[in-house]
Visitor: 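What follows is a structure written as structure tokens; I'll ask about it next.
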Amino acid sequence: MTKSPKSIGSKPTGSKPVGQVTNDALQSIFGRSKVVIGVVHLAPLPGAPRYDGEAVEAIYQRGLDDAKAYLNGGCDGVIVENHGDVPFAKPDDIGPETSAYMSVVSDRIRRELGRPIGINVLANASIPALSIASASGAAFVRVNQWANAYVANEGFIEGEAARAMRFRARLRANGIRIFADAHVKHGAHAIVGDRPVEEQVKDLVFFDADAVIATGQRTGHAADLGYIKMIKEAAGLPTLVGSGVTPDNANDILDIVDGVIVASSLKHDGVWWNGVDPQRVNAFIRGLKR
């Protein structure tokens, strides 16, 4: 007799489960929990407003250098992200050139460094992200709005789960895991404000996310520890914090969640658009108690 899958999701005794079980995404990808993932903020790519004609090889090399600084310093993996493409476009307005350039640099990082990588295409572009991940051998994608909707810098942003999961199935790429933000930064969530954040987190579980990411209000902003704990308990999934992680708060955060995504505090002068500072990375990892 075939057993039906067990379920996951935070639930009191006797309540119905929220979603179907999957194996622990962090253990599957990294072989551990309490992971540290650095973000490779790519320089502006061709086609983006801030692109000034820089040779693409130089862009690729800077991305590779940043990835090396993170991984040689002790981080467990990296996310490759088009953070230089400000102002970010909505998913359907992102040109194929972005996927092309990001696929090349992501493949080079994975091949040379041999460590797990993820992909995040801003803003909320799950289809390009999955395309890049499939082409480059990335293990996961980050999607900032997986379920429901909110108003962001780019305008009205809808959840990508339905489109993304069908696209992933067409690629036969079900091994690419989904890291989904909860109540993501840089936006107003008044559209769903009549529903508690805990319920919005459970929607991510219901729509088959593999991990949940909690953030502050903006890049580099730290979320309140009580807020982080609430998201972790509501998710019942591997949970990470994706903004505002510093040497001063990292251990307190990792006491609650399963991993951190860090960038700004590990850059030269603590500024996100600067290169990664190897000394900051080394000091950050040495200071962890995991």
Visitor: Check for me, please, whether V245 and V281 land in the same ILVMFWY cluster - side-chain distances under 4.5 Å, paths through other members count.
Guide: yes
Visitor: Can you name the closest pair of heavy atoms from S265 and R280 and give their distance?
Guide: O-NH1, 3.1 Å
Visitor: Please check: side-chain N/O of T98 versus main-chain N/O of I94, any donor-acceptor pairing under 3.5 Å?
Guide: no
Visitor: For the OH atom of Y101 and the CG atom of D85, what is their distance to the nearest 0.5 Å?
Guide: 11.5 Å
Visitor: Find the distance between CG (D277) and CG (L266) and round it off to the nearest 0.5 Å.
Guide: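 Between D277 CG and L266 CG, I get 8.5 Å after rounding to 0.5 Å.
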Visitor: Whether E57 and R108 form a salt bridge (side-chain N of Lys/Arg under 4.0 Å from carboxylate O of Asp/Glu) is what I want to check.
Guide: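 Looking at E57 together with R108, the answer is yes, because their closest N to O distance falls below 4.0 Å.
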Visitor: Tell me whether R163 contacts the main-chain N or O of I127 through its side chain, where contact means a donor paired with an acceptor under 3.5 Å.
Guide: no
Visitor: Does F140 belong to the same Ile/Leu/Val/Met/Phe/Trp/Tyr cluster as I261, with side-chain heavy atoms less than 4.5 Å apart forming each link?
Guide: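 Same hydrophobic cluster.
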Visitor: For F207, does the CZ atom sit with more than 12 other heavy atoms under 6.0 Å from it, leaving out its own atoms?
Guide: no
Visitor: Does S264 reach the main-chain N or O of V271 with its side chain, forming a donor-acceptor pair under 3.5 Å?
Guide: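 Checking the backbone N and O of V271 against the side chain of S264, no donor-acceptor pair under 3.5 Å is found.
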Visitor: Count the heavy atoms of every other residue, nucleotide or ligand shown that sit under 6.0 Å from CZ of R166, and state whether that count exceeds 12.
Guide: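 Open.
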Visitor: Looking only at heavy atoms, what is the nearest atom pair of L130 and A164, with distance?
Guide: CD1-O, 3.5 Å
Visitor: Mark yes when over 12 heavy atoms from residues, nucleotides or ligands other than Q279 sit less than 6.0 Å from its CD; otherwise mark no.
Guide: no
Visitor: Looking at D93 and K90, is any side-chain nitrogen of the basic one under 4.0 Å from a carboxylate oxygen of the acidic one?
Guide: no
Visitor: Have a look at N144 and tell me which of T215, I213, N120, I157 forms a side chain to side chain contact (heavy atoms under 4.5 Å, CB included) with it.
Guide: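 Of the listed options, the one satisfying the test is N120.
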Visitor: Taking the basic N atoms (NZ, or NE/NH1/NH2) and the acidic carboxylate oxygens, is any pair closer than 4.0 Å for D24 and R177?
Guide: no
Visitor: Would a distance-only check, ignoring hydrogens and angles, find a side-chain to backbone donor-acceptor pair under 3.5 Å from W146 to E160?
Guide: no
Visitor: Indicate, with yes or no, if I59 and V121 share a hydrophobic cluster defined by side-chain heavy-atom contacts under 4.5 Å among Ile, Leu, Val, Met, Phe, Trp and Tyr.
Guide: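 Cluster IDs for V121 and I59 match.
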Visitor: E154 side chain to F156 main-chain N or O, any donor-acceptor pair under 3.5 Å?
Guide: no
Visitor: Is there a donor-acceptor contact under 3.5 Å from the side chain of K267 to the main chain of N274?
Guide: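 Checked: pair present.
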Visitor: Output yes when a side-chain donor or acceptor of S136 lies under 3.5 Å from a complementary backbone atom of I132, and no otherwise.
Guide: yes
Visitor: Ignoring hydrogens and geometry, is there a side-chain-to-backbone donor-acceptor pair from K34 to V257 under 3.5 Å?
Guide: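 Side chain of K34 to backbone of V257: a pair is present.
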Visitor: A quick test of your reading: do over 12 heavy atoms of other residues, nucleotides or ligands sit less than 6.0 Å from NZ of K229?
Guide: no
Visitor: Please check this pair: side chain of D181 against backbone of A214, looking for a donor-acceptor N/O pair closer than 3.5 Å.
Guide: no
Visitor: Would you sort out whether H83 and W272 count as a ring-ring contact (aromatic ring centres under 6.0 Å, His included), showing the intermediate values?
Guide: CA-CA 9 Å; H83 210 300; W272 73 259; 4.1 Å; yes
Visitor: If the threshold is 4.0 Å, N to carboxylate O, is there a salt bridge linking K232 and D258?
Guide: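 Between D258 and K232 there is a salt bridge, with a charged N closer than 4.0 Å to a carboxylate O.
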Visitor: State which residue, out of N249, V241, I253, fulfils the side chain to side chain contact (heavy atoms under 4.5 Å, CB included) condition with L225.
Guide: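 It is I253; the other options fail the test.
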Visitor: Atom CZ of R62 and atom CG of D65: how far apart are they, to the nearest 0.5 Å?
Guide: 9.5 Å
Visitor: Could you see if I119 belongs to whatever hydrophobic cluster contains V36? Use Ile, Leu, Val, Met, Phe, Trp, Tyr and a side-chain cutoff under 4.5 Å.
Guide: yes
Visitor: Is it the case that N124 and R142 place a side-chain donor and acceptor less than 3.5 Å from each other?
Guide: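 Their side chains do not contain a donor-acceptor pair, so the 3.5 Å distance test is not met.
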Visitor: Can you name the nearest heavy-atom pair linking Q27 to R32, along with the distance?
Guide: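 Scanning both residues completely, I find the closest heavy atoms to be OE1-N, 3.3 Å.
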Visitor: In plain terms, say whether D76 and R115 are close enough for a salt bridge, that is, a side-chain N and a carboxylate O under 4.0 Å apart.
Guide: no
Visitor: Are I178 and L204 joined in one hydrophobic group, where the rule is that I, L, V, M, F, W and Y side chains link up if heavy atoms are under 4.5 Å apart?
Guide: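 Yes.
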Visitor: Using a 4.5 Å cut-off on heavy atoms from C-beta on, say whether the side chain of L45 contacts that of Y51.
Guide: no
